[in-house]
Amino acid sequence: MFKHDPSDHQENLQNGYPPLKLVNRKTETERTVVKVAGAELGGPDIVIIAGPCSIESKEQLWAIGKSVKNSGARILRGGIYKPRTSPYSFQGLQDEGLQLLSWIRKELNLPVVTEVMDPRKLELVCQHADMIQIGSRNMHNTPLLTEVGQIRKPVLLKRGMAATIDEFLFAAEYIVKMGNEQVVLCERGIRTFETSTRFTLDISAIPLLKRLCHLPVIVDPSHGSGHWWMVPWLSKAALAAGADGLIIEVHHDPTRALCDGGQSLLPDKFQVLMEELKKLAEVMGRKISV
Ligand code: PEP
Ligand code: MN
């Protein structure tokens, strides 16, 4: 048993929730490894996920996909159903993007992760993607969590932007309770009083989640800051704090991106970052998954 038992945390809950049963770590060594095609999250190696915020066209997807793969990304990200604040903003290619997902994963031999918001789309998207992302705005959507709990694909669960650690863990519990144990947690920044950054990346969430829970923990420094130039700093901070991976937005022409250009790294900057991460991983006694 732990010296300071992480399950004590449950007794400290102010809100009177029943304790976690499945995602809480019960022994010091308990760790879940989530496999996405050949990439293993939660094992000794650090997995980098990268790609555009939104898939915009075949040409855009090819340019970005090829470059992030060459730089060492193991999983390609790309949204087709976009949760936008304004209904007048680009909503993603929607169903038209599905074929592009299938095409790029085959063409590059790279697994893809994409967000699903509507449970009615889940079955369809599962035919085209290797990992299903539940976005920050849907972390509290229990019918959606219950549905992804019934698929047999890995799930990338992002922290709600106003969710406590307990709420985040209970959201993961909803998925695992339904039988899908392949869940990766993603810290992506929370709302604070600070307005200079898009969100405040909660670095302390990383060791905390890894202490309380056996699921892999990755970090999204792009949404976490909203500034492309901050992404390398926060990526390194996340690795130093024990993250099992990163999900990073990359765009070859960010000023013309249809979504989140200001927080997207140019491909050459992403490549430089990958080189820095390799060195840092070594210091951490880990390596970047290749
Ligand atoms: C995304 O990763 O595409 C996204 C919309 O992120 P979040 O749900 O964290 O805002
Ligand atoms: Mn984005």
Which side-chain N or O atoms in residues 225-232 pair as donor and acceptor under 3.5 Å with protein atoms at least two apart or in another chain?
unit_1	atom_1	unit_2	atom_2	d
S225	OG	P221	O	2.9
S225	OG	H227	N	3.2
S225	OG	H227	O	3.3
H227	NE2	S196	O	2.8

- Nonpolar side-chain network containing F199, other nodes, edges under 4.5 Å: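 M161, listed by chain and number.
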
- Query: Is there a side-chain contact between T255 and D253 (heavy atoms, below 4.5 Å)?
  - Reply: yes

- Remaining members of V290's ILVMFWY cluster at a side-chain heavy-atom cut-off under 4.5 Å? none

- Task: State whether the side chain of K26 and the backbone N or O of N24 hold a donor-acceptor pair below 3.5 Å, judged by distance alone.
- Result: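 Checked: pair present.
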
- Task: Check salt bridge (charged side-chain N to carboxylate O under 4.0 Å, His left out) between K278 and all other residues, then give those that pass, not counting sequence neighbours.
- Result: E275

- Item | Close side-chain approach of Y174 to H140, heavy-atom, < 4.5 Å |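 No, every pair of side-chain atoms sits at 4.5 Å or beyond.
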
- Task: Each residue besides I247 in its hydrophobic cluster should be listed here, by chain and number; the cluster joins Ile, Leu, Val, Met, Phe, Trp and Tyr at side-chain heavy-atom distances under 4.5 Å.
- Result: V34, V36, L41, V47, I49, I75, V113, M131, L156, V184, I218

- Item | Heavy atoms from other residues, nucleotides or ligands near NZ of K236 exceed 12 (cutoff 6.0 Å) | yes

- Taking the side chain from E187 and the backbone from L201, do they hold a donor-acceptor pair closer than 3.5 Å? no

- Message: Please list all pairs meeting side-chain hydrogen bond (donor to acceptor under 3.5 Å, both in side chains) that have one or both residues in residues 66-76, counting only residues at least two apart or in different chains.
- Response: R74-S289

- Item | Side-chain touch N180/V155, heavy atoms, less than 4.5 angstrom | yes

- Query: Given a cutoff of under 4.5 Å between side-chain heavy atoms of I, L, V, M, F, W and Y, with clusters grown through shared members, what are the other residues clustered with M178?
  - Reply: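 Grouped by the 4.5 Å side-chain rule, M178 forms a cluster of one, so the answer is none.
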
- Sub-3.5 Å donor-acceptor pair from the side chain of R25 to the main-chain atoms of R211, do we have one?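 Pair found, side chain donor or acceptor close to backbone of R211.
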
- Message: Tell me which pairs pass salt bridge (Lys or Arg N to Asp or Glu O under 4.0 Å) where either residue lies in residues 98-123, with sequence neighbours left out.
- Response: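 Applying salt bridge (Lys or Arg N to Asp or Glu O under 4.0 Å) to every pair that reaches into residues 98-123, excluding sequence neighbours, yields D95-K121, R105-D130, D118-R120.
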
With a cut-off of 3.5 Å and sequence neighbours excluded, list every side-chain donor-acceptor pair involving residues 257-273.
unit_1	atom_1	unit_2	atom_2	d
D260	OD1	R198	NH1	3.1
D260	OD2	R198	NH1	3.4
D260	OD2	H223	NE2	3.1
D260	OD2	Q263	NE2	3.2
Q263	OE1	R198	NH1	2.8
Q263	NE2	H223	NE2	3.3
Q263	NE2	E249	OE1	2.8
S264	OG	D260	O	2.8

- Task: Can you sort out the partners of K210 under salt bridge (charged side-chain N to carboxylate O under 4.0 Å, His left out), two or more places apart, ordered by chain and number?
- Result: D244

- Item | Pairing residues for T200 by the side chain to side chain donor-acceptor pair (under 3.5 Å) criterion, not counting sequence neighbours |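 Only T192 meet the side chain to side chain donor-acceptor pair (under 3.5 Å) criterion with T200.
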
- Tell me the side-chain hydrogen bond (donor to acceptor under 3.5 Å, both in side chains) pairs involving residues 85-94, sequence neighbours left out?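 Of all non-adjacent pairs touching residues 85-94, none passes side-chain hydrogen bond (donor to acceptor under 3.5 Å, both in side chains).
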
